[in-house]
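Here's the structure, in structure tokens; my notes come after.
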Amino acid sequence: MEKIEKVGKKLSENAYLASLLIVSIASIYASIAFTREGSENTRISEHSLMPGIVLPTFDKDSQQIKWLRELMNMKDIQTRSEYIANEMNIFSIESSVHKWTKSNIFKNSSGTSTVSLLRAYRSTGAESMIIATRMEDSHAVAMTMALAYHSRDHSYWSRDIFFLFVDGGEEGMDAWLEEYYGFNKENEEGDDMRGRGRFVVAAVVLETPEYLARKHVVEVKVNGMNGQLPNLDLFNSVARIAHRGRNQLNIVIYPEDERSVHDDSPLIPLRFLLSQAFSGVEGIHSPFSKYGVQAITIRGPRMKSGEKTGRTEFLMEGIMRSLNNLHERFHQSYFLYVLITPGFFSSIAFYLPIVGLFFAPLLIFSLREWFSTGISTDYSSFRPDISLLFLFLFGISSLLIIDPLVRFTSIDQEGITRLVIGILIFPLGLFVKIDSLSSSRFLLLISTSLLLGSIALLNFALSLFSSIAILPAILITMAPASTKLGRLTRTLLLFLFNPIIVILLGKLAIISLQYEWWSHADNKLIEWSVLIGGPQYILSTVYLIIDQFFTLGSWHLPLLLIFAGPLWNSLLSLASTQDVQKNVEI
Amino acid sequence: MVRKRIHDEPEKKKKNDNDSDNPLIKKKPSPKGTVSREWTFITHSNVLLVIISAIIVRFILYKSCGGWLISRPELSTPLVSIDRLKEGILLIKDLNDPYAGDRVHVTPIMMSLFPTTDDRVISLVWIVVDILSGMALSMGSIAYSSARGDSIEQTITIATNVLKWYLLNPISIATCASLSLSVILIFLLSLFTTAFLYQKWFVASFVLSISTQFSLYPIVLLAPLINRMEGRRMITVIVFLLSLSALTFINFMLGGISWKFVEHTYLFNVSVEDLTPNVGIFWYFFTEIFNHFYDFFLILFQLNIFVYVVPLALTLRNASFLNLLVSFALIAVFVPYPSLSDATVFFALLPLIDEKYWKGMRHLLVESCTILACIILMPIMWHLWIVSGSGNANFYFGVTLFYNVALIRMAIDLVYSYVKTDLAEKCPDDIEEKSLIYFD
């Protein structure tokens, strides 16, 4: 035990040096772990998913073209919805229109989705799978209808298949899921669920964006709500089926532009991490993760004119056959991973130490406070300042106050957004004086590292980027400053680490990396417009964060108000407080 | 040699008694003095501030996420779930047998005491009861601190700390907001602790019997009570047994003149039929075990909590308060259906420990940080296991196991610190090196 104590003391004596060393190790380790050489091959762990690789038999292209033409002429969503339901009913696929309304304090929304259900006659209806698409994407809708028609003609289905034509994007999807799982909340209305399929093994969202129209590329998006990931086997099955047979499609993750795809580019894991951290809701596959359903979005090429069948249809057929044959549920492969390329991934055991190393300096500095100020020998001197608790309580209250504010005043959405920005930008910590500096520092450092560790289990990337942002802020706060000028300098430097600035930089990084603006002159303009129109951009970003919290339950707003804001204010408060003369020798 | 020295020097031992209980026996504080300290404490400005903050925080938490907290396995177990109590009350109202199903495990007295199922009324009652628990613990600490010979300022500081550690403890706040029946149990245990520290044997044994009929395992606290009530031990036990019998008889009468309640309350506690995850060590083990070993290990696990009672009572015979504290830790760890709230009284009474014992603790930093980390990680592991499906039962059980280990380590550390300090005071010349051999 004495040896451990000695090591602890030694570390705390050289806290800055040890921190620098640990961060360097973390960076080197990350640069190895997130490369193809340092990672593992993606493979299908569950062999029952293999039937997806069989030769595709999809042949309903003529009917698909007919539906597509009809849909192209149908702009009104309700008409479109009813049309889909009628057509599906004609082909003996049980269909209904699902009208929904959702209202919360932030906004009201409504929509009309269509639900088609193909019963599996070989089973008891205890399990099902979902193929979903956006109502406004005519190509994807026609493709899904044709897939439903094709599926009807085969008798090998052992799971019910839901074909969802979702109106209202993520909210529409969430509204249907809430109805399906019986979680209808107050202020939410929806038509009664006509048919249920009990346990949903997986969901695949089909999209056909225009920019992929004539390409041999399938783009896959995996991030669920708050960066939760689906089982890796689902992604692996899609990747394997896409490559094989008549498909010959290249799988890409997170690029918007095919030209930027290089298999071993370090930008791919970086994009993966940035989107996991900063996009609370990524697509209509995201709400599925709230209900424990494994879901991904597949963005494939549209049917080409003159070509008999599109490759996306073959891919979807293969995926459906894979899911049909899955044993029990997805559990064989990884749930926590980072995709390095479509063919390689890093598993949790390899990447989690990175975030641990990034917040390890916080623990070293807390040890320094523990040993150097006498808390370790005299526990009675441990008296953390209650003012810091006040800062965190203020954060919680500011989140709770939004609801009554909207209900009892005439404040509008923009007003709330400005209020939240004001709360996050206002340096409340400067007005809070700390009496017991060491105890407060110790408690804050321990709690922060604990929170970062906890977040890492739920959303690795968010924790990683938070650690990277928090670490320099902590180092600045802990820097010795005996003069007033020193304290002023460290306080001013901390303003650079305001949560709003960190969020903006994160969002900016996502856009920059997606467009690779340094290589495409056209997109450079987008970036500069973001920078020039700063205040408007801040407003729209924070608006999106608030909207996603109230409509879908994204965690970004609570994390900002309860954790990031109070932490920044606490650091400001500690940085502006005069350092106490240390009486106890280490 | 060291042990012999202790027995050889009874006079010195008495003189240097580590436990501050003995001064209570020898030199009782004047009632006037104690009352004055209590009055000073109540009128202290911080007390009112803490109470008001505690009420506001509880109310806000109940209003904002009470529904979520009610469903938390860390706070709500089959024995203290408010939903189950309400179900029992409604069944009685509809003239049905509350024990006909397997949901209700609350005693008939409890169901008769709470005629309402209105959450708003219950929440208000719970907040008041929780504040009273905090005040009761503070009052007890005043008596203890005064008897130890602390100055009035020290006494007020300690009592205020006890109040803060209870009322502002996030677990206490969450327990109250979740409307868990633990609030009532904690109130009874707080009353018991106060009576214990004031040496009011009758009240202590009576309240202990009520607590025992509520959840069975507080019977462990009888050992420190017997330790404490020197000279009145027999009568304390008799009062405890008589009142327990009377309460059981009342339960029998209220339960429709039937012993069916025994099967659904006490036997349910003993047989561990409900293996819903909680923060304890039973559920995982009994989920995994083969059925033919079930009874054997059940007996072992149930005996486990009682095995330590006699050795602890003998070791800490001169430190009944420490004995009480360690017994609270035993209850928080070794009962079949524990919740986080079971440790709140233990945490609240920590400021009462003498400073010299704090200094003797070896792993306080590790233990307290582990407890803190585990409490935060519990809902996260639950989310990974149940909600997102990316984890499994081992994730949750691992964290609860670490929590229990840290809690029991803290109790062991306290006992270690007491024994070492005691020995060091009695044998100041040669104990330093030998203590390492005996205790490290």
Side-chain angles (χ1 to χ4, degrees), chain A residues 1-2 4-5 8 224-232 289-294 329-331 333-337 348 363 366-367 370-371 375-383 386 389-390 392-393 396-397 399-401 403-404 442-443 446-447 449-451 453-459 555, chain B residues 46 49-50 53 56-57 59-61 63-65 67 154 157-158 161 164 168 170 173 350-351 353-366 368-392 395-396 398-399 413 417 436 440:
Chain A
M1 196 61 204
E2 277 186 9
I4 297 172
E5 204 170 307
M225 290 287 300
N226 306 304
Q228 192 182 317
L229 297 168
N231 191 283
L232 189 57
S289 64
K290 286 193 338 193
Y291 304 91
V293 177
Q294 313 303 317
R329 64 189 183 91
F330 279 105
H331 68 281
S333 193
Y334 295 84
F335 284 95
L336 305 162
Y337 52 87
I348 181 166
L363 295 172
S366 63
L367 268 181
W370 178 261
F371 285 121
I375 306 172
S376 61
T377 48
D378 179 15
Y379 297 134
S380 60
S381 65
F382 178 66
R383 291 180 191 285
I386 203 154
L389 187 70
F390 162 74
F392 281 87
L393 279 177
I396 297 169
S397 315
L399 181 69
L400 296 177
I401 208 158
D403 191 289
F442 172 77
L443 196 67
I446 285 278
S447 329
S449 45
L450 183 57
L451 275 167
S454 308
I455 295 171
L457 291 168
L458 299 169
N459 188 336
W555 293 339
Chain B
N46 270 358
L49 193 70
V50 171
S53 332
I56 293 171
V57 172
F59 184 72
I60 290 175
L61 196 69
K63 288 300 278 181
S64 58
C65 42
Q154 283 174 317
T157 309
I158 289 173
N161 281 344
K164 280 182 194 167
L168 301 182
I173 298 167
L350 287 178
I353 296 170
D354 207 316
E355 207 172 312
K356 59 189 176 187
Y357 300 140
W358 279 115
K359 285 181 180 169
M361 288 179 77
R362 293 169 299 174
H363 313 298
L364 186 66
L365 177 66
V366 179
S368 41
C369 286
T370 309
I371 291 173
L372 183 69
C374 290
I375 290 172
I376 290 183
L377 283 175
M378 276 173 200
I380 288 168
M381 293 304 181
W382 182 265
H383 179 88
L384 287 177
W385 173 27
I386 300 292
V387 182
S388 74
S390 49
N392 56 40
F395 285 43
Y396 188 70
V399 173
D413 225 6
S417 172
L436 293 174
D440 274 348

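Chain letters run A, B, ... following the sequence lines, proteins first and then strands; every chain starts at 1.
- Between the CH2 atom of A/W370 and the CG atom of B/L364 there is a distance of 5.5 Å, given to the nearest 0.5 Å.
- Side-chain atoms of A/L457 and B/M381, non-hydrogen and from C-beta on, do get closer than 4.5 Å to each other.
- Rounding to the nearest 0.5 angstrom, the gap separating the CD1 atom in B/I56 from the OG atom in A/S397 is 10.0 Å.
- Atom CG of A/L443 is separated from atom CG of B/L372 by 8.0 Å, given to the nearest 0.5 angstrom.
- Rounding to the nearest 0.5 Å places CG of B/L61 at 8.5 Å from CD1 of A/I396.
- Neither the backbone nor the side chain of B/I386 comes within less than 4.5 Å of any heavy atom of chain A.
- Applying the side chain to side chain donor-acceptor pair (under 3.5 Å) test to pairs two or more places apart or on separate chains, those with a residue in residues 369-388 of chain B are B/S388-B/S390.
- Applying the side-chain hydrogen bond (donor to acceptor under 3.5 Å, both in side chains) criterion to B/Y396, with sequence neighbours excluded, gives B/E74.
- Of all non-hydrogen atoms in B/I376 and A/L450, the two that sit nearest each other are CD1-CD2, 3.3 Å.
- If you take CG on A/L389 and CG on B/L168, they are separated by 7.5 Å, rounding to the nearest 0.5 Å.
- For CZ of B/F59, the number of neighbouring non-hydrogen atoms (other residues, nucleotides, ligands) closer than 6.0 Å is 12 at most.
- Ranked by heavy-atom pairs under 4.5 Å with chain A, the list B/L377, B/I380, B/L365, B/L384 is led by B/L365.
- When heavy atoms are compared at a cutoff of 4.5 Å, A/F442 approaches chain B solely by way of its side chain, counted from C-beta outward.
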